[in-house]
Amino acid sequence: KQWYQRRVRGGDMWVNVVFGGGDPYHNHCNKQARKAQILFICDLKLTDFGQPELLDEANSDVDYCYYMFEWSTPLVCPERLLKGRSGISPAKLLLLEFVVITVVYLVLGIAYKRLVLGARGIEQIPNLKFWKDMKETCSNTLKKCKGENVTTTGVRSDDGGNMLNIAVDDDDRLIM
């Protein structure tokens, strides 16, 4: 049978729902329709929805019989308390996505270079030159932030098409 009578009351940290109109008792409680009362209590320590616990089945009183449940759950907690435990922040999600994409990139790149191209050792790292240059760029940027003098190496081509390494003490000299 469907429970069709409901009454809801609540406070800041709890909600009480009373269901009535259930199947009638067979031999006690004057064969009244069954009632169930569920007290939902805010519990921020739970990470799931919680479980109901039967506290009492009052069926010895002739006039008022009921089932009493207590259900600790974070679902009835005020929103102001839930804001601190919203799970993953957008910044953490972005960082997690970056890490996952980087790991997938490296794993697939290393597998391709090793299995298809036959690379071994450090040469298995995809776009190795880029990562070496990135290391130097980051290092120089940190040195500049600390106020240290940075010597960079610029690469340019001479008229014969040969690549030349030139030492440069000032970024302005790199402009050609």
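Both backbone and side-chain heavy atoms feed into the values below; hydrogens, waters and symmetry mates do not. Everything numeric here is computed off the predicted structure, so don't read it as measured data.
- With Trp71 contributing its side chain and Phe49 its backbone, the two residues share a donor-acceptor pair below 3.5 Å.
- The shortest heavy-atom contact between Ile110 and Ile125 is CG1-CA, 4.3 Å.
- Within the 4.5 Å cutoff, side-chain heavy atoms of Leu128 are placed close to those of Glu123.
- In this structure, Glu70 and Pro52 have side chains that are not in contact, with every pair of non-hydrogen atoms separated by 4.5 Å or more.
- To the nearest 0.5 angstrom, Lys113 atom NZ is 14.0 Å from Leu108 atom CG.
- Smallest separation of non-hydrogen atoms from Val76 and Cys42: CG2-N, 3.6 Å.
- Residue-environment remark: CD1 (Ile122) stays at or below the threshold of 12 foreign heavy atoms within 6.0 Å.
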(request) Any chance you could lay out the side chain to side chain contact (heavy atoms under 4.5 Å, CB included) test for Tyr67 and Ile38, step after step, and finish with the verdict? (result) CA-CA 8 Å; Tyr67 296 96; Ile38 305 173; over 6 Å; no
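- Taking a 6.0 Å sphere around OH of Tyr112, one finds it holds 12 or fewer heavy atoms contributed by other residues, nucleotides or ligands.
- Once rounded to the nearest 0.5 Å, the distance linking OH of Tyr105 with CG of Asn127 reads 3.5 Å.
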(request) Begin from the C-alpha positions of Glu97 and Val100 and carry the test side chain to side chain contact (heavy atoms under 4.5 Å, CB included) through to its verdict. (result) CA-CA 5 Å; Glu97 289 173 356; Val100 168; 5.8 Å; no
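- Using a 4.5 Å cut-off between side-chain heavy atoms of Ile, Leu, Val, Met, Phe, Trp and Tyr, with links allowed through other members, Phe69 and Phe19 fall into the same hydrophobic cluster.
- Panel note: side chain Asn30, backbone Gln32; no donor-acceptor pair is recorded below 3.5 Å.
- Hydrophobic clustering (ILVMFWY, side-chain heavy atoms < 4.5 Å, transitive): Leu55 and Tyr66 are in one cluster.
- Here the side chains of Gln37 and Asn16 are in contact, with some heavy-atom distance below 4.5 Å.
- The closest donor-acceptor contact from the side chain of Thr102 to the backbone of Phe98 lies under 3.5 Å.
- Not one N or O on the side chain of Glu136 forms a donor-acceptor pair closer than 3.5 Å with the backbone of Asp133.
- Annotation: the span from Leu46 atom CG to Ile41 atom CD1 amounts to 11.0 Å, rounded to 0.5 Å.
- The distance from the OG atom of Ser72 to the NZ atom of Lys45 is 8.5 Å, given to the nearest 0.5 Å.
- Leu106 is not connected to Val99 by any chain of hydrophobic side-chain contacts under 4.5 Å among Ile, Leu, Val, Met, Phe, Trp and Tyr, and they are in different clusters.
- In the hydrophobic cluster analysis, where Ile, Leu, Val, Met, Phe, Trp and Tyr join through side-chain heavy atoms closer than 4.5 angstrom, Leu54 is grouped together with Val17.
- Taken to the nearest 0.5 Å, the CE atom of Met68 stands 13.0 Å off from the NZ atom of Lys35.
- Within a 6.0 Å radius of CD in Glu148, other residues, nucleotides and ligands contribute more than 12 heavy atoms.
- Note that CG of Leu75 is 11.0 Å distant from CG of Asp43, once rounded to the nearest 0.5 Å.
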